[in-house]
Amino acid sequence: MNFCVTTPIYYINGDPHIGHAYASIAADIIARFKRLDGYTVHFSTGTDEHGVKVARSAENVGMDTHHFSNIMSQKFRDLSRAINLSEDDFIRTTEERHKKSAQTFWKLLEKDIYKSIYSGWYSARDEEYVPENEIVDGKAPSGAPVEWMEEESYFFKLSAYQDKLLEHYEKYPDFIGPNARRNEVISFVKSGLKDLSISRSKFNWGIPIPDSDGHVMYVWIDALANYITSLGFPENKEYVSQMMENCVHVVGKEILRFHAVYWPAFLMSAGITLPKRVFAHGWWTCDKEKMSKSVGNVVDPFYIIQNYGLDQLRYFLFREVRFGEDGDFSEEALKNRILYDLANDLGNLVQRVLAFIQKFGGHLTVNYDFSDQERILFANAKNLVSRMRSQIEKQDLHGALNTVWNLVSESNKFTNDMRPWELVKTDVSRLNAVLTVLCESIRSIAFGIAPFMPDTARKIFNFMNVEGKSFDEIENNFIDQKFVELSPLFPKEK
RNA sequence: CGCGGGGUGGAGCAGUCUGGUGGCUCGUCAGGCUCAUAACCUGAAGGUCGGAGGUUCAAAUCCUCCCCCCGCAACCA
């Protein structure tokens, strides 16, 4: 079975920050879960490199635009490595394959494209059009003066797709998530769609429009088309549609409209299948303040990983806040999660159980002759993944992590109740049953956290001599399993 | 009257449709237990459920009005 998941492609006008890491890790978690669940996955990410802002940034630092793009794009590639991203493709919009794809895509849209005049308030200093509602006292937010400007532009007949889009939202209630965002999009479309200006002639750092001198594509089509470029478009249109049908786009809430309105309209026009779902994540504040360069509180993912660890960060981002809502980042909160959830709950559970087995030779003698209490925990361990599956299906990553931690807590409580340190002296057969259940539970937990914390899961798998390659393994039982030397998962001393 | 979401112990939320001991997670305090990087158990403190009025034997929940916060409101990746 096929599955496709994407991150937005990141605009290279600034350095990567925690928000980029957040979206990427979210998509990565989904991709890893699906792979463990037996799907053939295509997971793509990349960089969006065209547009006047990039050209101007390059100019500002006295760099050739291509060279500048290479350097900036590499920073995002470095981030992908730093956060242990399992992407199948890292796409750059400046690549030749994308130029070909975007231009072919444009041609498919041509029946809905016409030439007209684009007009708006233009700030010469910023070299960009300023939206009406952002103009204060006749000036751009930057304080630059604006003037009414008109230029020739190609337009896409978005207005023709209003009803079709509404029908689609109606027919596929899961097309947009979370629900609150879905309402916003629907009300936006209902309020009436205007045609979309999709070309620019004032700059040339972009993909040229086929057979048209001087016009380059404006971001909408160039950037959005990355998703099908990555799937091999324009080759193999059949495969592209098939993957799109099972595709989840993870996006930031600020770009939801492009993905939930423009993109599906383009795809309808081009005759390509629409994605299954577009999910908008929220934003992080830092210590309750909006992150901004001027305030200097932008969270640097490289710094956090260096100081607190990668899996720790990956865990925190999805346990602290419900995916889809805004959240607050603080080192204090991160430290607490690491101490209480990771070291005390999970780390200690693994330690107390496996160390106990180590103490008596590192060999588990299985006993599946369970008491009622043992049977309950065993069942919960066995169906952990199926409970998570329905949550991951809805991108409820936070809920899925809670599901895992419920099992962690249950296992800790079970250990307290069963008192294996006493059973070892009184009832070895009972002890073996208790340890068997605990080991099954820990193994399930390792699978449960694997998409979120791949390195930590790997450590646990190694302790227990488990392959850890597929959820199918959970069906296999332990037989006289030999365990290897262990060490604390999340040591408290640094 | 542009559309939508929300205001519940220190924090974050559930409960509101289908009125009737106000609950969950975390945090705070006291005690118990202890194999382990400890967890768990028991008990305690802490809320006029945004405000006012109304319906009712009974309102967080139904009705009316008001206040406040947050999204969206098209060229912002």
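Just so you know, these numbers come straight off a predicted model, no measurement behind them. Order of the sequence lines sets the chain letters (A, B, ...), proteins ahead of strands, with each chain counted from 1.
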Contact class for [X] vs. all strands (heavy atom < 4.0 Å): base, sugar-phosphate, or nothing?
| X | value |
| --- | --- |
| A:Phe188 | base |
| A:Arg419 | sugar-phosphate |
| A:Asp326 | nothing |
| A:Asp195 | base |
| A:Ser191 | nothing |
| A:Gly282 | nothing |
| A:Leu193 | base |
| A:Ala343 | base |
| A:Pro8 | nothing |
| A:Ala355 | nothing |

Please determine if A:Arg443 and A:Glu440 form a salt bridge, counting it only when a charged side-chain N lies under 4.0 Å from a carboxylate O.
yes

Residues A:Arg92 and A:Asp48 bridged, charged N to O under 4.0 Å:
no

Closest to the [X] side chain, choosing from [options]:
| X | options | value |
| --- | --- | --- |
| A:Asn183 | B:A77, B:G4, B:A39 | B:G4 |
| A:Tyr340 | B:C75, B:G27, B:C35 | B:G27 |
| A:Arg352 | B:A74, B:C76, B:C35 | B:C35 |
| A:Asn344 | B:C75, B:C35, B:A39 | B:A39 |
| A:Gln351 | B:C35, B:A77, B:A36 | B:A36 |
| A:Ser187 | B:C3, B:U37, B:C72 | B:C3 |
| A:Lys53 | B:A36, B:C76, B:C75 | B:C76 |
| A:Lys492 | B:U37, B:C75, B:A77 | B:U37 |

To the nearest Å, how far apart are [X] [atom1] and [N] [atom2]?
| X | N | atom1 | atom2 | answer |
| --- | --- | --- | --- | --- |
| A:Tyr262 | B:C76 | OH | P | 10 Å |
| A:Tyr218 | B:C76 | OH | P | 4 Å |
| A:Arg319 | B:A11 | CZ | P | 20 Å |
| A:Arg430 | B:C35 | CZ | P | 21 Å |
| A:Leu346 | B:A36 | CG | P | 18 Å |
| A:His281 | B:G71 | NE2 | P | 15 Å |
| A:Leu339 | B:G27 | CG | P | 10 Å |
| A:Met217 | B:C75 | CE | C1' | 17 Å |

Gap in Å between the two [atom1] atoms, one belonging to [N] and one to [M], rounded:
| N | M | atom1 | result |
| --- | --- | --- | --- |
| B:C29 | B:C68 | C1' | 34 Å |
| B:U42 | B:A52 | C1' | 43 Å |
| B:C67 | B:C26 | C1' | 31 Å |
| B:G54 | B:U18 | P | 24 Å |
| B:C40 | B:G53 | P | 45 Å |
| B:A60 | B:C17 | P | 12 Å |
| B:G9 | B:U48 | P | 8 Å |
| B:A36 | B:A30 | P | 25 Å |

Say whether A:Glu151 and A:Ser201, considering side chains only, have a donor N or O and an acceptor N or O under 3.5 Å apart.
yes

Any side-chain donor paired with an acceptor under 3.5 Å for A:Gln74 and A:Asp78?
yes

Can you find an N or O donor on one side and an acceptor on the other, under 3.5 Å apart, linking the side chain of A:Asn412 with the base of B:A39?
no

So, under a plain 3.5 Å distance rule, would you say the side chain of A:Asp48 forms a donor-acceptor pair with the base of B:A77?
no

Atom [atom1] of residue position [X] - does it have more than 12 heavy atoms of other residues, nucleotides or ligands inside 6.0 Å?
| X | atom1 | value |
| --- | --- | --- |
| A:Phe360 | CZ | yes |
| A:His363 | NE2 | yes |
| A:Asp326 | CG | yes |

Using heavy-atom distances to pick each residue's nearest nucleotide on RNA chain B, tell me which of A:Leu489 and A:Arg181 is more 5'.
A:Leu489

Assign the ring pair A:Tyr218 / A:Trp220 to parallel, tilted or perpendicular, where the plane angle (0 to 90°) is split at 30° and 60°.
perpendicular

Test the [X]-[Y] pair against the cation-pi criterion, namely NZ or CZ under 6.0 angstrom from the six-membered ring centroid and within 45° of the ring axis.
| X | Y | answer |
| --- | --- | --- |
| A:Arg200 | A:Tyr118 | yes |
| A:Arg77 | A:Phe90 | yes |
| A:Lys202 | A:Tyr122 | yes |

Would one find a side-chain N or O of A:Asn416 under 4.0 angstrom from OP1 or OP2 of B:A39?
no

How is the base pairing of RNA chain B summarised as a dot-bracket string, given the Watson-Crick and G-U wobble criteria with both distances under 3.5 Å, [ ] for crossing and | for another strand?
.(((((((.[[[[.)....(..]]]].(((((.......))))).....[[[[[..)....]]]]])))))).....

